[in-house]
Visitor: 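Below is the structure I would like to discuss, written out as structure tokens.
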Amino acid sequence: MKDYGIETNQNLKTLIALSRTFLSVRRRETKTIRAGGLTVAQFAVIEVLYHKGALPVQAITQKVLTTSGNMTMVIQNLRKMDMVEKLDNPKDKRSYLLKITDKGKKLFEEIFPPHLDNINEIFSVLDEREKNELIKILKKLGEYKNEI
């Protein structure tokens with residue numbers, strides 16, 4: 001590796017470790033979601049609606065951290081699968097609410113327990129102190145304000 005100085009070299013190593021770790025955790029975390037026949041984005045929408053109830057699309061988009069363009073396709077596919085349904089929004093006639101269907105609830109209730117077990121297994125290599133420290137560090141790193 002080319003030498004860019006102690007601090008820059010360490011920053012590059014940190015970024016690579018963070019990126020590899022994220023990809024590894026994401027791959028392992030999503031195996032139970034994919035086994036249930038959903039994409040990660042579809043699962044995120046179902047999860048939000050299951051726990052929060054009917055919501056406008058904009059609120060769902062903000063909670064699952066995706067783009068509105070991607071959300072349109074995700075919602076269309078979930079509607080085709082009869083996992084969610086559209087409802088009139090009594091507070092705003094220009095928009096609609098999405099609600100999880102009984103079929104969506106049933107699937108979520110099948111997928112979520114093994115998903116939680118999988119997450120617990122992934123993070124079992126860390127003790128409580130390490131998890132708290134990692135959360136603190138990641139929040140600190142995520143506070144960077146000069147985003148491009």
Visitor: Can you give me the closest heavy-atom contact between Leu18 and Leu138, atom names plus distance?
Guide: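 Residues Leu18 and Leu138, closest heavy atoms: CD1-CD2, 4.1 Å.
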Visitor: Could you tell me whether the side chains of Thr101 and Asp82 share a donor-acceptor contact shorter than 3.5 Å?
Guide: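 No - no donor-acceptor pair under 3.5 Å links their side chains.
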Visitor: With sequence neighbours left out, what residues match Lys106 under side-chain hydrogen bond (donor to acceptor under 3.5 Å, both in side chains)?
Guide: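 Checked Lys106 against side-chain hydrogen bond (donor to acceptor under 3.5 Å, both in side chains); matches are Glu110.
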Visitor: Before giving the answer on ring pair (Phe, Tyr, Trp, His ring centres under 6.0 Å), spell out for Phe108 and Phe43 the whole-Å C-alpha distance, their side-chain angles and the decisive distance to 0.1 Å.
Guide: CA-CA 8 Å; Phe108 182 79; Phe43 178 81; 5.7 Å; yes
Visitor: Any side-chain heavy-atom pair from Lys86 and Lys99 closer than 4.5 angstrom?
Guide: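 No, side chains not in contact.
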Visitor: Just checking Asp127: does its CG atom have more than 12 heavy atoms from other residues, nucleotides or ligands closer to it than 6.0 angstrom?
Guide: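 Atom CG in Asp127 is packed in, count exceeds 12.
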Visitor: Could you tell me if the side chain of Val40 sits less than 4.5 Å from the side chain of Arg26, heavy atoms only?
Guide: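 Yes, their side chains come closer than 4.5 Å.
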Visitor: Quick one, Lys2 with Tyr4, criterion side-chain contact (heavy atoms from CB on, under 4.5 Å). Give me CA distance, side-chain angles, the key distance, then yes/no.
Guide: CA-CA 6 Å; Lys2 184 166 172 41; Tyr4 294 101; 3.5 Å; yes
Visitor: Show the numbers, then the answer: is there a side-chain contact (heavy atoms from CB on, under 4.5 Å) between Leu49 and Leu98?
Guide: CA-CA 8 Å; Leu49 295 175; Leu98 277 182; 4.1 Å; yes
Visitor: Nearest 0.5 angstrom please: Phe123 CZ to Lys131 NZ, how far?
Guide: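 The distance works out to 8.0 Å.
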Visitor: Report the distance from atom CG of Leu38 to atom NE2 of His115, rounding to the nearest 0.5 Å.
Guide: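 Between atom CG of Leu38 and atom NE2 of His115 there are 11.0 Å.
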Visitor: Should Ile46 and Ile100 count as side-chain neighbours, where that means a heavy-atom distance under 4.5 Å?
Guide: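 Ile46 reaches Ile100 side chain to side chain.
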Visitor: Are Leu141 and Leu23 connected in the hydrophobic side-chain network, where two residues link if heavy atoms are under 4.5 Å apart?
Guide: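 No, Leu141 and Leu23 fall in different hydrophobic clusters.
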Visitor: To check you understand the geometry: which heavy-atom pair defines the closest contact between Pro90 and Leu97, and what is its length?
Guide: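 Between these two residues, the closest heavy atoms are CD-CD1, 4.1 Å.
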Visitor: Quick one: pull up CZ in Arg34 and NZ in Lys31 and give me the separation to the nearest 0.5 Å.
Guide: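 NZ of Lys31 is found 9.5 Å from CZ of Arg34.
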Visitor: So do Gln76 and Thr72 actually touch side chain to side chain, heavy atoms under 4.5 Å?
Guide: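 Result yes, sub-4.5 Å side-chain heavy-atom pair found.
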Visitor: Ser24 side chain to Arg20 main-chain N or O, any donor-acceptor pair under 3.5 Å?
Guide: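 No, because the side chain of Ser24 does not come within donor-acceptor range (under 3.5 Å) of the backbone of Arg20.
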Visitor: Quick one: pull up CG in Leu134 and CD in Glu130 and give me the separation to the nearest 0.5 Å.
Guide: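 Rounded to the nearest 0.5 Å, the CG-CD separation comes to 9.0 Å.
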Visitor: Looking only at heavy atoms, which two atoms of Tyr96 and Asn89 are closest? And how far apart?
Guide: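 Smallest interatomic distance, heavy atoms only, reads CA-CB, 3.9 Å.
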Visitor: Crowded around Glu121 CD? As in, over 12 foreign heavy atoms under 6.0 Å?
Guide: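 No.
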Visitor: Are side-chain heavy atoms of Met71 and Gln58 found at a separation under 4.5 Å?
Guide: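 The answer is no; the side chains never approach within 4.5 Å.
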Visitor: Please tell me if the side chains of Lys136 and Asn132 come closer than 4.5 Å, counting only heavy atoms from C-beta onward.
Guide: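 Side chain of Lys136 against side chain of Asn132, heavy atoms only: no contact under 4.5 Å found.
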Visitor: What pairs of residues pass the ring pair (Phe, Tyr, Trp, His ring centres under 6.0 Å) test when at least one of them lies in residues 56-80, not counting sequence neighbours?
Guide: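 Sorted result for residues 56-80: empty, none.
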Visitor: Identify the two heavy atoms, one from Leu107 and one from Gly36, that lie closest to each other, and give their separation to 0.1 Å.
Guide: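 Answer, listing the atom of Leu107 first, then Gly36: CD1-O, 3.7 Å.
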Visitor: Please say which of Met83, Glu85, Met73 ends up in a side-chain contact (heavy atoms from CB on, under 4.5 Å) with Leu78.
Guide: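 The residue from Met83, Glu85, Met73 that satisfies side-chain contact (heavy atoms from CB on, under 4.5 Å) with Leu78 turns out to be Met83.
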Visitor: Return the OG to CD1 distance between Ser124 and Ile119, rounded to the nearest 0.5 Å.
Guide: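 The distance works out to 12.5 Å.
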Visitor: Determine whether more than 12 heavy atoms belonging to other residues, nucleotides or ligands lie under 6.0 Å from atom CD of Glu7.
Guide: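 Incorrect, the count does not exceed 12.
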Visitor: Are Lys63 and Ile60 packed together at the side-chain level, in the sense that at least one heavy-atom pair is separated by less than 4.5 angstrom?
Guide: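 The answer is no; the side chains never approach within 4.5 Å.
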Visitor: So, for Asn118 and Arg28, which heavy atoms are closest and what is the spacing to 0.1 Å?
Guide: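 Heavy-atom minimum between the residues: ND2-O, 2.6 Å.
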Visitor: Which hydrophobic side chains are connected to Ile137, either touching it within the sub-4.5 Å cutoff or through other members that do?
Guide: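 Reading the cluster by chain and number, Ile137 sits alone, since nothing else belongs.
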Visitor: Pair Val48, Leu55 - check side-chain contact (heavy atoms from CB on, under 4.5 Å), show working.
Guide: CA-CA 9 Å; Val48 166; Leu55 292 170; 3.4 Å; yes
Visitor: Are any of the side-chain heavy atoms of Ile33 and Thr39 separated by less than 4.5 Å?
Guide: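 Side-chain contact under 4.5 Å: no.
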Visitor: Indicate the atoms forming the closest heavy-atom contact of Val64 with Val45, along with that distance.
Guide: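 For Val64 and Val45, the tightest heavy-atom pair comes out as CG1-N, 4.1 Å.
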Visitor: Just verifying a value: how many Å separate Leu12 CG and Thr8 OG1, rounded to the nearest 0.5 Å?
Guide: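 Atom-to-atom, Leu12:CG and Thr8:OG1 are 6.5 Å apart.
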